Amino acid sequence: MNPCASRAIGIFDSGVGGLTVHHRVAERLPSESIIYFGDTARVPYGTKSAETVVRYARACAHMLVRRDIKLLVVACNTASAYALDILRAELDIPVVGVVEPGAKRAAMSTRNGRIGVIGTKGTIRSGQYQSAILSYIPDAHVFAKACPLFVPLAEEGWIEGPVPEQIAVEYLQEFLENDIDTLVLGCTHYPLLKTVIGKVAGDSVALVDSAQATSEIVARQLESLNLQCAEGPPSYQFLVTDAPDSFAAVGSLFLGGQVGEVEWVAFE
Ligand code: DGL
């Protein structure tokens, strides 16, 4: 085994939402150790300027690099949209974002070339999903909408019933009028609302989970670089910049299981 292979994968997000990516990576690569960093003191990223998101993303990435990770996953869609190229240029380890894998899967899934993208205000404003999809299907019709209320709903665990359903109807109506057949869940929190979103969108619309698509890319990158860890059991570390207890409490919903011990770290 490559001696670097036993090092952990680093995953960062603005907060708790990236645990949906952790969940998918751990499911796909059960022998890999993961260090997860949630920037809970500075969440949300989705409402902030590009410059601020880049500054925060660089701080998160460098913090994980100091912990000697072998590959970095930018789980936050907003940070992926604004900072991925900068992090790739700056770091000497592979860096995987969530936008490109989600966009590619959407392009592969659509039959009528009419694709919806939902995400934070920042992600949608960046246009990154839209341009990545168009790079695969130049004549695609991409409809994009920010759905900020899905984030607090997911964090409150309000993921079923009339309230999230009504909000989903408001957000998704215009996509349905535009006859989309594929909808990209371009935010860490949205997989929790998959059932409600799927119910409102209907069976004819395929939902693309960027977190799931990303885990596949991480697996392929590790394989091509001969960096897979063959020996378990994996270790999982959770680091946050604020309120470890509430991270652990809310996190189990996103992780799909108990979050272990959570360590507070100072942010720069
Ligand atoms: N993690 C963010 C994203 O996927 C959502 C929460 C936030 O706005 O920070 O874009």
Side-chain angles (χ1 to χ4, degrees), residues 10-25 36-61 64 72-84 87 95-103 105-106 116-130 132 144-159 164 167 171 183-194 197 207-215 238-243 246-247 250-251 253-255 259 267:
I11 301 180
F12 86 81
D13 179 49
S14 54
V16 74
L19 290 174
T20 54
V21 178
H22 186 300
H23 169 68
R24 291 296 184 183
V25 171
Y36 181 92
F37 180 50
D39 192 9
T40 48
R42 298 186 284 198
V43 70
Y45 284 11
T47 53
K48 300 207 164 66
S49 68
E51 293 73 25
T52 299
V53 172
V54 168
R55 186 155 47 87
Y56 291 175
R58 291 181 68 223
C60 294
L64 282 168
L72 176 68
V73 182
V74 183
C76 179
N77 287 257
T78 314
S80 289
Y82 285 114
L84 194 74
L87 297 178
V95 183
V96 178
V98 288
V99 171
E100 175 61 30
R105 190 164 285 192
V117 178
I118 53 177
T120 65
K121 286 182 179 159
T123 298
I124 299 305
R125 197 178 52 227
S126 77
Q128 290 291 321
Y129 268 110
Q130 297 91 313
K145 192 176 181 71
C147 301
L149 289 177
F150 283 157
V151 169
L153 282 175
E155 292 202 5
E156 285 298 320
W158 211 344
I159 53 178
I167 292 171
Y171 278 148
L183 178 63
V184 182
L185 308 180
C187 174
T188 49
H189 290 59
Y190 300 174
L192 267 74
L193 290 146
K194 218 174 193 170
I197 294 171
L207 301 185
V208 171
D209 182 344
S210 287
Q212 195 171 15
T214 300
S215 66
F238 300 94
L239 316 174
V240 294
T241 47
D242 193 27
S246 54
F247 178 89
V250 179
L253 250 179
F254 289 78
L255 189 67
V259 177
F267 66 90

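Start at 1 and go down the list; that is how both ligands and their atoms are numbered. Just so it is clear, the structure is predicted and the values come from calculations on it, not from any experiment.
- Not a single N or O atom of His189, backbone or side chain, sits closer than 3.5 Å to an N or O atom of ligand 1.
- Contacts between Thr120 and ligand 1, counted as non-hydrogen atom pairs separated by less than 4.0 Å, involve the side chain only.
- Heavy atoms of Pro44 found under 4.0 angstrom from ligand 1 belong to the backbone as well as the side chain.
- Taking atom 10 (O) of ligand 1 as the reference point, the nearest protein heavy-atom neighbour is Thr78 OG1, 2.6 Å.
- Counting heavy atoms under 4.0 Å from ligand 1, residue Asp13 touches it through the side chain alone.
- When every heavy atom of Gln212 is checked against every heavy atom of Arg24, the shortest pair comes out as NE2-NH1, 3.6 Å.
- Under a 4.0 Å criterion applied to the non-hydrogen atoms of Val43, ligand 1 contributes the atoms 9 (O).
- Shown in contact with Ser14 at under 4.0 Å from a heavy atom are these atoms of ligand 1, numbered in order with element: 1 (N), 2 (C), 6 (C), 7 (C), 9 (O).
- Under the 6.0 Å cut-off for aromatic ring centres, Phe150 and Tyr171 qualify, their centroids lying closer than that.
- Just one of Val74, Leu239, Val21 meets the side-chain contact (heavy atoms from CB on, under 4.5 Å) condition when paired with Phe12; it is Val74.
- Tyr190 contributes a side-chain N or O that, together with a main-chain N or O of Cys147, makes up a donor-acceptor pair within less than 3.5 Å.
- Residue Thr188 touches ligand 1 through backbone and side chain together, judged by heavy-atom distances below 4.0 Å.
- With Thr241 contributing its side chain and Ala41 its backbone, the two residues share a donor-acceptor pair below 3.5 Å.
- Not a single heavy atom of Gly17 sits less than 4.0 Å from an atom of ligand 1.
- Between the Ser14 side chain and the Pro44 main chain, no donor and acceptor come within less than 3.5 Å of each other.
- Classification of the Tyr36-Phe247 ring pair by plane angle, with boundaries at 30° and 60°, yields tilted.
- Shortest contact from atom 8 (O) of ligand 1 to any protein heavy atom: Gly46 N, 2.8 Å.
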